Structure formats: structure tokens, C-alpha cells
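Numbering of ligands and ligand atoms starts at 1, following listing order. For clarity, every value in this text was computed on a predicted model and none was experimentally measured.
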Amino acid sequence: MSSSCLIFFVSNSIFLLSLFSLTIHAHRCTENFLSETLSRNLTLCKRYKHRNGVEFGWKVENTTTQTLQVMVGARLDGETGWLAWGLNLGPEPRMVGTQALIGIKQTNGSFLGNTYNVTQYIKIGCNLLPTPIDLNVSNLTFGFLGHIQYHIIEATIYLPQTVDISRINHVWQVGKVAIGMEPKFHEKTLKNYDSTEIIDLQTGTSLSIRSARRHQARVAHGILSIIGWGVILPIGVIIARYFKKGPIHWNEHDQWKHAHKACQACGYIFGATGWAIGLWLGNYSKYYSFPKHGAYGISIFTFATLQTLALRLKPHKNDELHTYWSIYHLSLGYALLIVICVNIFKGIKILQEEETWKPTYIAIISSIAFIFFVFEITNWIKFKVDQLKSKEELSKQIH
Ligand code: HEM
Ligand SMILES: *[C@@H]1O[C@H](CO)[C@@H](O)[C@H](O)[C@H]1NC(C)=O
Ligand SMILES: *[C@@H]1O[C@H](CO)[C@@H](O)[C@H](O)[C@H]1NC(C)=O
Ligand SMILES: *[C@@H]1O[C@H](CO)[C@@H](O)[C@H](O)[C@H]1NC(C)=O
Ligand SMILES: *[C@@H]1O[C@H](CO)[C@@H](O)[C@H](O)[C@H]1NC(C)=O
Ligand SMILES: *[C@@H]1O[C@H](CO)[C@@H](O)[C@H](O)[C@H]1NC(C)=O
Ligand SMILES: *[C@@H]1O[C@H](CO)[C@@H](O)[C@H](O)[C@H]1NC(C)=O
């Protein structure tokens with residue numbers, strides 16, 4: 001059994017890898033935005049499809065100073081909203097320390113752009129107000145291009161020669177709420193946390209290889225957890241509960257037990273691998289966390305491990321502890337299945353794969369629940385029929 005599990009595991013990993021190589025290169029600008037950048041003689045364009053949907057067009061020139069001409073665009077669909085883009089000249093591509101250009105869509109219909117110094121105080125809730133920043137910015141404008149339905153920040157930035165434009169941190173963000181000139185808190189989802197990049201402005205190449213790796217790791221974590229904890233484990237439970245006497249004919253008496261153990265071992269290997277990747281992801285994200293999802297994950301791993309260990313401590317059939325052991329093993333098992341289901345939904349929400357992964361997973365658990373239901377009913381009918389038969393036999397014997 002372990003060899004077939006291994007083959008399954010390897011083929012899955014290959015499938016995952018091929019999936020990733022597709023997702024890495026998806027940074028073409030939309031045609032509309034691209035034609036706007038071209039009409040402004042900008043030479044490079046990049047679209048961050050999964051990171052707030054922001055598009056970024058620019059041109060750099062190296063004369064006495066380095067001149068960076070930028071155009072940043074996104075859709076702001078709400079009544080108010082804001083679009084921010086900036087450079088972080090500190091060591092890391094992150095929010096705190098960003099010298100930002102922010103455009104605000106006001107309730108009264110006007111569009112105003114200004115410069116903002118995003119400090120550590122903003123993260124803890126202080127008001128973000130316009131101030132001069134550490135960049136020499138000229139001709140900053142914010143506006144709405146009606147024909148492409150985009151809100152656009154445009155500016156020219158003069159960077160001193162000391163700034164290395166071949167490796168620079170840029171940060172962007174989109175928010176839904178603004179009051180006056182003050183942008184309010186953006187949402188706390190992965191797409192808001194991922195909206196940073198180390199970029200070579202001369203070529204547009206992303207140098208934050210780690211963030212691409214992180215995206216792949218998240219997908220791997222999700223798929224392995226769903227397959228391991230969410231699919232194979234419940235199938236093992238079905239085998240243990242309903243396959244003791246058929247519908248498959250086990251040629252040995254206890255063969256269903258081997259099938260159950262094989263399933264649980266296989267599910268455990270997948271799930272635990274996914275969990276290990278999850279731990280790495282949790283460690284990796286210094287500036288944000290998903291504490292509930294993580295806590296559920298730890299308890300799933302812990303109790304699944306206990307279930308596996310419990311098999312070794314299983315009392316002998318004739319032992320009176322055997323009943324208690326069975327009750328413990330069963331109730332923990334079912335509780336585990338529920339927590340797994342809850343946490344998979346939490347994970348799908350965090351990954352923001354609600355359009356594709358969620359229906360797939362719902363289809364999977366509904367079929368599993370359906371199988372449970374069908375077996376439960378047939379078992380019940382069988383039980384009733386047997387009862388009737390034995391009653392008839394009893395009455396025959398009496399007469
Ligand atoms: C309007 C006021 C703002 C508030 C109150 C705010 C608050 C926060 C908080 C609390 C986090 C971290 C969440 C966590 O630790 O769980 C965060 C992350 C982040 N924010 Fe903001 N933010 C604001 C504006 C901005 C702006 C203007 C930008 C972009 C220029 C931005 C970009 C980011 C990025 C990229 C992250 C990901 C983590 C990091 O790089 O530190 N935020 N924000
Ligand atoms: C773009 O470049 C062309 C050719 O160099 C020039 O004629 C045109 O004015 C430029 N457009 C802008 C918006 O700078
Ligand atoms: C820009 O030009 C200066 C000299 O004018 C040169 O020292 C520097 O390396 C150039 N920078 C880039 C990124 O090409
Ligand atoms: C931006 O804020 C930081 C931290 O408070 C401060 O050290 C820096 O001088 C500010 N920059 C400008 C241009 O005001
Ligand atoms: C900003 O850059 C322009 C063009 O190089 C220069 O004339 C101006 O003095 C600079 N301003 C500041 C405050 O550095
Ligand atoms: C800024 O805008 C003014 C007026 O529109 C224009 O004359 C000037 O060339 C612009 N400067 C830059 C650096 O684009
Ligand atoms: C909208 O409000 C802002 C201040 O919040 C003001 O500066 C701007 O002039 C107003 N625009 C219109 C069209 O009333």
C-alpha cells in the first residue's frame with residue numbers, strides 16, 4: 001500500500017509543479033492600460049493581477065539625476081476609495097517606511113492626489129495625512145480615465161544617483177474608505193499583504209523571488225491539506241465504518257482494517273506535509289498572521305497524530321478497556337473531521353480562491369456526506385430486514 005501511496009504522492013507533486021510554472025508569468029498589462037502608457041511614451045508596464053489588480057507603467061532616464069516617470073492605475077468601484085503607490089528606500093519592501101503617492105476619490109466627486117509618509121504609527125491606527133516626503137516628486141496628478149474606467153496616479157520622481165534603481169522596493173495598496181484627504185484602513189487579506197515587490201526598474205524584472213515561492217507554497221499547502229485531511233482521511237473513515245462486511249469482498253477477514261490503516265497513513269502523510277509547509281508560511285510572514293487558521297491547523301495535526309499513535313496502544317479485543325478505546329477513537333475521529341472541514345473553508349477564504357476552490361471542495365464533501373448517508377440508510381434497512389427475518393424464524397420455530 002505504501003508504494004501506491006508514494007506513486008500517488010509523486011504524481012501529485014509533479015502536477016502541482018506544472019501548475020505553478022503556469023502561474024508565475026501572468027503579468028501582462030491590459031490592452032487599455034498599455035495603450036495609455038504608450039501614449040505617454042512610457043516604456044515598461046506591469047500588472048499585478050492577484051495583488052489588488054493594480055497596473056504600473058513607467059520609464060526611467062539616467063541623466064544628471066535619475067528620472068522616473070510613473071503611471072499607476074486601478075479600478076475604484078466604491079463611492080469613495082484610494083489608490084496608493086510608493087517607494088520604500090529602506091532595506092525591505094514593506095508598508096512602514098514607504099514614501100507614498102496617494103490618490104483619493106472623494107464623495108463629492110473630485111479626485112485629489114498628494115504625498116504621504118507612511119510611518120509605523122499608521123499601522124497602529126494613527127491618521128494618515130498629507131506631508132512632504134523624502135522623494136523629489138513633481139507633477140503629481142490623480143484622475144479618472146472614463147473610457148477605460150481606471151483611476152490613475154501620474155508623477156515624475158527625481159531620484160539621486162545614490163538610489164539603486166536596479167533593485168528598488170515598491171509598494172502599492174488600494175482602499176475602499178477615505179475621509180477628506182485621509183485614506184482609511186485597507187482590508188486585511190493576502191492580496192493587500194502581498195502588494196510589494198523588489199523590482200529592477202530598468203527591465204521590470206521582479207527580484208522578490210521569495211514572494212513567488214511563497215505563492216507556490218500557499219497553493220501547495222492548500223492542495224495537500226485538502227487531499228490529505230479533507231479527502232483521504234474521510235474515505236478511510238467510510239471504509240472502517242461501512243466496509244467491514246462488503247460491498248467489496250475482502251478475501252481475508254481483517255482486510256478492511258488494512259485498507260483503513262493504509263488510507264489514514266496516506267492521508268496523514270499528505271496532510272502533515274501540507275501542514276509543514278503551512279508552518280513555514282506562518283514563520284515566513286513577519287508582518288501579518290492568521291492566528292485562528294494556524295491554531296486549528298496545529299490541533300488537527302496534533303489530534304491526527306494522536307489517532308495514529310492510538311492504534312499502537314489499542315487494547316486487546318477481550319480487554320474491557322477495548323470499548324473505551326473504541327469510543328475515544330471514534331469520537332475524536334469525527335470531531336477531527338469537523339474541525340478539518342471548518343479549517344479548509346478558512347484556508348480557502350484566506351487564499352481568496354472562493355470562486356474556484358470553494359465549489360470544488362463543496363462538491364467533494366457533499367459527495368462524501370452523500371456516501372455516508374447512503375451507507376447509513378442501507379445499513380439501517382439491512383438491520384431492519386435482519387430483525388424481521390429473525391422474528392419470522394422465531395415464530396416458525398414456535399409454531
Ligand atoms: C490608511 C491607513 C493604513 C492603515 C491603518 C494600515 C494598516 C495596516 C496594518 C495593521 C497592516 C498589517 C496587518 C497585520 O499585521 O495583521 C498593514 C499591512 C500592509 N499595508 Fe497598510 N495601512 C494603511 C495604509 C497603507 C498604505 C497607504 C499602503 C501602501 C502604500 C499600505 C500597504 C501595506 C502593505 C504592503 C502591507 C503588508 C505588510 C507590510 O508590508 O507591512 N498600507 N497595513
Ligand atoms: C512621445 O515621443 C514622440 C516621439 O519622440 C513625441 O513626438 C511625443 O511628443 C512624445 N509624447 C509625449 C506625451 O511625451
Ligand atoms: C547613471 O549615470 C551615472 C553617470 O552619469 C552612472 O554612474 C550610473 O551608473 C548610471 N546608473 C545606471 C543605473 O545606469
Ligand atoms: C517620515 O517619518 C519618519 C518616521 O516618523 C521620519 O523619520 C521621517 O523624517 C519622515 N520623513 C519626512 C520627509 O517627513
Ligand atoms: C527636484 O529635482 C529637480 C530636477 O532635477 C531639481 O531642479 C530640484 O531642485 C529638486 N528639488 C529638490 C527639493 O531636491
Ligand atoms: C509638469 O507639468 C508642466 C505643465 O503641465 C509641464 O510644463 C512640465 O514639463 C511637466 N514636468 C515634467 C517633469 O513632466
Ligand atoms: C470636494 O471636497 C474636497 C475636500 O474634501 C475639496 O477640496 C474639493 O474642492 C471638493 N470638490 C468639489 C467639486 O466640491
Side-chain angles (χ1 to χ4, degrees), residues 35-43 48 51-52 54 56-57 59 61-72 74 80-104 113-140 153-163 169-198 208 210-211 214 282 284-294 350:
S35 69
E36 291 297 324
T37 62
L38 292 176
S39 74
R40 287 163 178 75
N41 285 352
L42 303 180
T43 48
Y48 299 97
R51 294 185 264 176
N52 281 319
V54 168
F56 175 48
K59 181 173 79 176
E61 270 163 21
N62 188 16
T63 50
T64 51
T65 56
Q66 305 182 94
T67 313
L68 169 62
Q69 199 186 333
V70 295
M71 170 172 167
V72 184
T80 64
W82 53 270
L83 170 63
W85 175 88
L87 295 174
N88 191 333
L89 300 178
E92 277 180 282
R94 61 178 186 126
M95 171 179 144
V96 171
T98 299
Q99 306 298 300
L101 319 177
I102 304 186
I104 295 184
N114 218 320
T115 56
Y116 294 76
N117 184 9
V118 184
T119 66
Q120 71 266 38
Y121 307 112
I122 306 308
K123 215 168 183 171
I124 57 176
C126 292
N127 297 346
L128 182 55
L129 292 164
T131 51
I133 56 172
D134 279 334
L135 295 173
N136 183 349
V137 181
S138 76
N139 286 10
L140 168 61
I153 294 175
E154 285 179 272
T156 303
I157 299 169
Y158 301 99
L159 293 165
Q161 289 290 358
T162 50
V163 171
N169 304 319
H170 79 133
V171 178
W172 59 98
Q173 196 57 270
V174 173
K176 287 183 176 150
V177 186
I179 298 173
M181 282 312 284
E182 200 193 311
K184 291 291 183 188
F185 196 20
H186 51 80
E187 290 181 309
K188 287 194 188 182
T189 69
L190 278 185
K191 73 170 193 284
N192 301 90
Y193 295 146
D194 281 349
S195 54
T196 70
E197 183 180 49
I198 308 170
S208 11
R210 286 150 123 211
S211 77
R214 196 167 50 199
Y284 198 85
S285 46
K286 279 184 269 180
Y287 304 116
Y288 58 85
S289 63
F290 300 98
K292 262 195 184 165
H293 180 69
I350 290 171

Pair Leu42-Gln69, side-chain contact (heavy atoms from CB on, under 4.5 Å): steps then yes or no: CA-CA 8 Å; Leu42 303 180; Gln69 199 186 333; 3.9 Å; yes

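- Taking each of His186, Glu182, Lys184, Arg94 in turn, the one with a heavy atom nearest to atom 43 (N) of ligand 1 proves to be His186.
- Ligand 1 lies nowhere less than 4.0 angstrom from a heavy atom belonging to Gly86.
- Closest protein heavy atom to atom 7 (C) of ligand 1: Phe185 CE1, 2.9 Å.
- Backbone and side-chain nitrogen or oxygen atoms of Asn41 are examined, and one is located within less than 3.5 angstrom of a nitrogen or oxygen of ligand 2.
- The shortest heavy-atom distance from Gly125 to ligand 1 is not under 4.0 Å.
- Counting only non-hydrogen atoms, the option in Tyr193, Tyr116, Phe290 that gets closest to atom 13 (C) of ligand 1 is Tyr193.
- Between Asn192 and ligand 1 there is a heavy-atom distance shorter than 4.0 Å.
- Side-chain contact between Val163 and Leu89: present, with at least one pair of heavy atoms (C-beta onward) separated by less than 4.5 Å.
- The shortest contact between atom 15 (O) of ligand 1 and any protein heavy atom is with Tyr287 O, 2.6 Å.
- Remark: Met71 CE to Ser39 OG distance equals 7.0 Å, nearest 0.5 Å.
- Taking atom 30 (C) of ligand 1 as the reference point, the nearest protein heavy-atom neighbour is Ala84 CB, 3.9 Å.
- Residue, atom and distance of the protein heavy atom nearest to atom 13 (C) of ligand 2 are Ser39 O, 3.6 Å.
- The two residues Val96 and Lys123 have their closest heavy-atom pair at CG2-CD, 4.0 Å.
- Remark: minimum distance from atom 1 (C) of ligand 1 to any protein heavy atom is reached at Pro183 O, 3.1 Å.
- Using a 4.5 Å heavy-atom threshold, the side chains of Leu68 and Thr156 count as separate.
- Contact annotation for atom 1 (C) of ligand 2: protein present (non-hydrogen atoms, distance under 4.0 Å).
- Nearest protein heavy-atom neighbour of atom 10 (C) of ligand 1: Lys123 O, 3.4 Å.
- Close approach of ligand 1 to Thr196 (heavy-atom distance below 4.0 Å) involves ligand atoms 35 (C).
- Considering backbone and side-chain atoms alike, Met95 places an N or O below 3.5 Å from some N or O of ligand 1.
- Among all protein heavy atoms, the one lying closest to atom 2 (C) of ligand 1 is Ile122 CG2, 3.5 Å.
- Scanning all heavy atoms of the two residues, the minimum distance from Pro130 to Met181 falls at CG-CB, 4.0 Å.
- Atom CG of residue Leu140 and atom CG of residue Leu135 lie 11.0 Å apart, to the nearest 0.5 angstrom.
- Counting only heavy atoms of the protein, atom 27 (C) of ligand 1 lies nearest to Trp82 CZ3, 3.6 Å.
- The aromatic ring centres of Trp172 and Tyr48 sit less than 6.0 Å apart.
- Using a 4.0 Å cut-off to heavy atoms of Asn136, the atoms of ligand 5 that qualify are 1 (C), 2 (O), 3 (C), 8 (C), 10 (C), 11 (N), 12 (C), 14 (O).
- Taking each heavy atom of Trp85 and His170 in turn, the nearest pair found is NE1-ND1, 3.0 Å.
- Those atoms of ligand 1 with a heavy atom of Ile102 less than 4.0 angstrom away are 27 (C).
- For the pair Val171/Arg94, no side-chain contact is recorded, criterion being any heavy-atom separation below 4.5 Å from C-beta on.
- The nearest pair of heavy atoms linking Gly57 to Thr37 is CA-CG2, 3.9 Å.
- For atom 7 (O) of ligand 5, the protein comes within 4.0 Å by no heavy atom at all.
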Working for side-chain hydrogen bond (donor to acceptor under 3.5 Å, both in side chains), residues Gln99 and Asn117: CA-CA 5 Å; Gln99 306 298 300; Asn117 184 9; 3.1 Å; yes

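- Among the backbone and side-chain atoms of Gln173, no N/O/S atom is found under 2.8 Å from atom 21 (Fe) of ligand 1.
- Residue Gln173 is tested with Glu187, Arg51, Lys191, His186 for a side chain to side chain contact (heavy atoms under 4.5 Å, CB included); the sole match is His186.
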